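Quick one: structure below, then a few questions.
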Amino acid sequence: MRHPIRGLLIGPMVAPVAYWIGVVAYAWVSDFRLDWFQALRELMMIAAFGLPIAYAATLVWGAPILYALHRLGWLRAAPLIAAGAVGGTIVAIGLAIDQQGSLFRVHMPLPGGAVLGALVAGACWWAGQDKAAPNGPVT
């Protein structure tokens, strides 16, 4: 991974979009129809609430894990995605504990948190890779 900062900046943007896709898919399966304006409004609300959480989790969990995997020589896609799944599960547990007794709740089951964390870690890995030139090096 040649550009870890780029990966850490781009990766968390995946979490609200993936959560929104899950919400829209759940609404479609449960026969609750959203028009495009309602779906866009949901995306904006999820992004406004989810992006700060995603970046905070990346700063607190993702960056130290990325550094530790690099120092240990284990910085590959599979360990990073597994660590992302663990981090997403921790975020889901934290949301469940924090929202006990609150009026409005964000529903995130533990497997959903694991999937979101794994997607963020995969996006971080993908964004941090060096782009090779298609025709070889430029001289």
Side-chain angles (χ1 to χ4, degrees):
M1 187 172 201
R2 305 229 346 148
H3 305 284
I5 301 298
R6 182 172 61 192
L8 290 171
L9 290 175
I10 294 174
M13 292 182 197
V14 172
V17 174
Y19 188 85
W20 174 74
I21 289 171
V23 166
V24 171
Y26 179 75
W28 183 69
V29 168
S30 63
D31 290 332
F32 181 75
R33 300 294 176 218
L34 293 173
D35 63 4
W36 66 272
F37 181 73
Q38 288 174 325
L40 185 61
R41 187 180 65 206
E42 289 294 322
L43 176 61
M44 293 301 157
M45 291 304 295
I46 289 169
F49 182 74
L51 272 175
I53 293 173
Y55 276 106
T58 300
L59 180 66
V60 171
W61 177 261
I65 291 293
L66 189 69
Y67 179 74
L69 288 174
H70 173 72
R71 296 294 292 169
L72 292 172
W74 297 346
L75 187 55
R76 305 283 184 274
L80 187 62
I81 291 171
V86 171
T89 305
I90 293 170
V91 168
I93 291 170
L95 281 174
I97 291 171
D98 185 51
Q99 294 180 6
Q100 289 179 349
S102 65
L103 183 60
F104 298 106
R105 294 183 182 197
V106 175
H107 298 285
M108 182 178 297
L110 296 183
V115 168
L116 286 178
L119 286 172
V120 167
C124 177
W125 176 261
W126 175 78
Q129 294 301 309
D130 193 20
K131 307 293 186 229
N135 296 327
V138 177
T139 58

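Only heavy atoms go into these numbers, but all of them, side chains included; no hydrogens, no water, no symmetry mates. Given the structure is predicted, the values throughout are model-derived calculations rather than measurements.
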**Asked** Should Trp20 and Phe32 be regarded as members of a common hydrophobic cluster, given that ILVMFWY residues are connected when their side-chain heavy atoms come within less than 4.5 Å of each other, either directly or indirectly?
**Response**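 Shared cluster, yes.
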**Prompt:** What is the minimum heavy-atom distance between Pro12 and Ala54, and which atoms define it?
**Reply:**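 What the structure gives for the nearest pair is O-CB, 3.6 Å.
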**Request:** Could you list who else is in Leu9's hydrophobic cluster, with ILVMFWY side chains joined at under 4.5 Å, directly or through other members?
**Result:**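 Ile5, listed by chain and number.
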**Asked** Looking at Gly84 and Ala121, what are the two nearest heavy atoms and their distance?
**Response**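 Heavy atoms of Gly84 and Ala121 come nearest at CA-CB, 3.9 Å.
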**Prompt:** Other than Ile93, what residues sit in its cluster of Ile, Leu, Val, Met, Phe, Trp and Tyr side chains whose heavy atoms are under 4.5 Å apart, directly or through others?
**Reply:**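 Besides Ile93, the hydrophobic cluster comprises Ile97, Leu110, listed by chain and residue number.
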**Message:** Can you list everything that forms a salt bridge (Lys or Arg N to Asp or Glu O under 4.0 Å) with Arg71? Sequence neighbours excluded, please.
**Reply:**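 For Arg71, no residue satisfies salt bridge (Lys or Arg N to Asp or Glu O under 4.0 Å) once neighbours in sequence are set aside.
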**Prompt:** Hydrophobic cluster mates of Met13, side-chain heavy atoms under 4.5 angstrom, ILVMFWY only, any path?
**Reply:**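 Met13 clusters with Leu51, Tyr55.
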**Request:** Consider only side-chain heavy atoms of I, L, V, M, F, W and Y, link residues closer than 4.5 Å, and tell whether Ile21 and Val24 are in one cluster.
**Result:**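 Same cluster: Ile21 reaches Val24 through Ile, Leu, Val, Met, Phe, Trp or Tyr contacts under 4.5 Å.
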**Message:** So, taking the atom named CD1 in Ile81 and the one named CZ in Arg76, what distance separates them when rounded to the nearest 0.5 Å?
**Reply:**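 Here the rounded value is 13.5 Å.
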**Prompt:** Looking only at heavy atoms, which two atoms of Ala57 and Val91 are closest? And how far apart?
**Reply:**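 The answer is CB-CG2, 3.7 Å.
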**Prompt:** Ignoring hydrogens and geometry, is there a side-chain-to-backbone donor-acceptor pair from Arg6 to Ala127 under 3.5 Å?
**Reply:**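 Such a contact is found between Arg6 side chain and Ala127 backbone.
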**Prompt:** More than 12 non-hydrogen atoms from neighbouring residues, nucleotides or ligands closer than 6.0 Å to NE2 on His70, yes or no?
**Reply:**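 Open.
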**Request:** Could you identify which residues cluster with Ile90, counting Ile, Leu, Val, Met, Phe, Trp and Tyr as linked when any side-chain heavy atoms lie under 4.5 Å apart, either directly or through a chain of such contacts?
**Result:**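 Direct or chained contacts put Ile90 with Met1, Leu8, Trp61, Ile65, Leu66, Leu69, Leu72, Trp74, Leu75, Leu80, Val86, Trp125.
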**Asked** Any idea which heavy atoms bring Pro16 and Gly50 closest together, and the distance?
**Response**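 Where Pro16 meets Gly50 most closely, the heavy atoms are CG-C, 4.2 Å.
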**Gln99 CD to Met108 CE distance, which is reported to the nearest 0.5 Å** =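 It comes to 9.0 Å.
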**Message:** One pair to check against side-chain contact (heavy atoms from CB on, under 4.5 Å): Leu95 and Ile53. What are the steps and the verdict?
**Reply:** CA-CA 10 Å; Leu95 281 174; Ile53 293 173; 4.2 Å; yes
**Asked** With a 4.5 Å limit on heavy-atom distance, are the side chains of Val106 and Tyr19 in contact?
**Response**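 Yes, at least one pair of side-chain atoms sits under 4.5 Å.
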**Request:** Please report the shortest heavy-atom distance between Ala92 and Gly113, naming the atom on each side.
**Result:**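 Minimum heavy-atom contact is CB-CA, 4.1 Å.
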Atom pairs and distances, donor-acceptor, side-chain atoms in residues 38-49, under 3.5 Å, two or more places apart:
residue, atom, partner, partner atom, Å
Gln38, OE1, Asp35, N, 3.2

**Closest approach of Arg105 to Gly101 (non-hydrogen atoms, all atoms of both residues)** =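 Smallest interatomic distance, heavy atoms only, reads NH2-N, 3.2 Å.
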